Amino acid sequence: MIMEKKPSKTIEVRQSVTLANDRAAGELRDRFAAKGVWVLNLISSPGAGKTALIEKTVENLRDEFSILVIEGDPHTSLDSDRINRMGARALQINTLGGCHLDAAMIGHALLNIDLEKVAAVFIENVGNLLCPAAWDLGQDATCVLAGLTEGPDKPLKYPETFSLADVLVINKTDLAPYLPGASAMLLPNALKINPGLTVFETSCIDGSGLLSWYDWVKDMMEKKQGGRARA
Ligand SMILES: Nc1nc2c(ncn2[C@@H]2O[C@H](COP(=O)(O)OP(=O)(O)O)[C@@H](O)[C@H]2O)c(=O)[nH]1
Ligand SMILES: [Mg+2]
């Protein structure tokens, strides 16, 4: 028997799912704004150094600012354990194979959290450079991390993520002497995709570039708090 081929409705379904997500993200954004909480969504491939950068940031700023961390991973609480050891509260979301976080997951994780006492929420998204791009989490800024070890071609291969990001952190600069090609071409390739990126070049091992990153994070948190005071 020959079956009649029905037209695919994939795009329609996907649109309605992301529209529902956009509504939920809008509600989160209003909630964060009311409390003056600055929210950062960190995206990268696995191993670029998202958790390492959050560990360093928490360690450096924990005496001045209360930073809440949401960790997204398919399995395990290894990353939230690392953050807790640095003295910050971390909430773990296990997506059980899902390749990105969505706004409903963030809302659920924050159900019993009093945001009054929180200066910033850092969201470590599930490690990959493709899936998280379409999913708004109510963040103020999106940060894409690229480790030099991943090669310089990633911005060209994953333009969705690099074009929506506000900030690029090029991490593992301590390895630049061993990776001259990546060191030379990663930034030009990223700026080709998104010339408006704010760029930091860091090493979470030797600490280079981290002071400018901390200053930027502090500035963002203070501005968000100030915006709340005027509201
Ligand atoms: N050489 C070097 N290694 C780093 C740096 N940042 C992180 N790493 C290492 O890279 C690996 C992955 O880091 P992790 O923070 O878990 O990456 P994530 O998967 O993006 O959260 C770990 O072995 C880190 O110690 C860095 O700046 N330089
Ligand atoms: Mg991690």
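Counting starts at 1 for both ligands and their atoms, following the listed order. Side chains are part of it too, since the values below use all heavy atoms of this structure and drop only hydrogens, waters and symmetry mates. As the structure is a computational prediction, the values presented were derived from the model and not from experiment.
Between Phe122 and Trp38, the angle of the ring planes goes over 60°, which puts this pair in the perpendicular group of the 30/60° scheme.
Near Cys204, meaning under 4.0 Å from one of its heavy atoms, ligand 1 places the atoms 6 (N), 26 (C), 27 (O). Close contacts between ligand 1 and Ser44 involve ligand atoms 20 (O) [criterion: under 4.0 Å to a heavy atom].
By the rule that hydrophobic residues join a cluster once side-chain heavy atoms approach within less than 4.5 Å of another member, Phe65 and Ile83 end up as members of one cluster. Hydrophobic clustering of Ile, Leu, Val, Met, Phe, Trp and Tyr side chains at less than 4.5 Å, counting indirect connections, unites Val217 with Phe200.
For Thr51, a nitrogen or oxygen atom sits less than 3.5 Å from a nitrogen or oxygen atom of ligand 1, counting backbone and side chain alike. Checked against a 3.5 angstrom limit, the closest N/O atoms of Gly47 and ligand 1 fall inside it. Polar contact with ligand 1: absent for Pro46 (N/O pair, distance under 3.5 Å). The shortest N or O to N or O distance between Asp79 and ligand 1 is not under 3.5 Å.
When distances from atom 26 (C) of ligand 1 to the protein are checked, a heavy atom turns up under 4.0 Å. The protein reaches atom 4 (C) of ligand 1 closely, with a heavy atom under 4.0 angstrom from it. There is no protein heavy atom closer than 4.0 angstrom to atom 23 (O) of ligand 1.
No more than 12 heavy atoms of other residues, nucleotides or ligands shown are found within 6.0 angstrom of OH on Tyr178. Atom CZ of Arg89 has 12 or fewer heavy atoms from other residues, nucleotides or ligands within 6.0 Å.
A donor-acceptor pair is defined here as one N or O able to donate and one able to accept, closer than 3.5 Å; such a pair exists between the side chain of Asn21 and the backbone of Ala103. Not one N or O on the side chain of Asp102 forms a donor-acceptor pair closer than 3.5 Å with the backbone of Leu137.
Distance CD1/Ile93 to CG/Leu101: 5.0 Å, rounded to 0.5 Å. Note that CG of Leu164 and CG of Asn194 are 8.5 Å apart. Values are rounded to the nearest 0.5 Å.
The nearest N, O or S atom of Glu124 is closer to the Mg ion (ligand 2) than 2.8 Å.
Here the heavy atom of the protein found nearest to atom 28 (N) of ligand 1 is Asp174 OD1, 2.8 Å. Of all protein heavy atoms, the one closest to atom 7 (C) of ligand 1 is Ala52 CB, 3.7 Å. Among all non-hydrogen protein atoms, the one lying nearest atom 6 (N) of ligand 1 is Asn171 ND2, 3.1 Å. For atom 9 (C) of ligand 1, the closest heavy atom belonging to the protein is Lys172 NZ, 4.1 Å. Ranking the protein heavy atoms by distance from atom 2 (C) of ligand 1 puts Ile205 CG1, 3.3 Å first. Protein heavy atom closest to atom 13 (O) of ligand 1, with residue, atom name and distance, is Gly49 CA, 3.9 Å.
In Arg82, the part holding a heavy atom less than 4.0 Å from any atom of ligand 1 is the side chain. Within the 4.0 Å heavy-atom criterion, neither part of Leu145 lies near ligand 1. Looking at Leu53 against ligand 1, nothing comes within 4.0 Å, counting heavy atoms. Residue Glu124 touches ligand 1 through its side chain alone, judged by heavy-atom distances below 4.0 Å.
When only modelled atom types and interatomic distance are considered, Ser45 and Glu150 share a side-chain donor-acceptor pair under 3.5 Å. Judged purely by distance below 3.5 Å, without hydrogens or angles, the side chains of Thr18 and Trp135 never pair a donor atom with an acceptor atom. A donor-acceptor contact under 3.5 angstrom links the side chains of Asp206 and Ser203, judged on distance only.
Heavy-atom separations between Gly127 and ligand 1 are all 4.0 Å or longer.
Partner of Glu55 under the salt bridge (charged side-chain N to carboxylate O under 4.0 Å, His left out) criterion, out of Arg82, Lys50, Arg85: Arg82 alone.
Of all N, O or S atoms in Asp79, the one lying closest to the Mg ion (ligand 2) is OD2.
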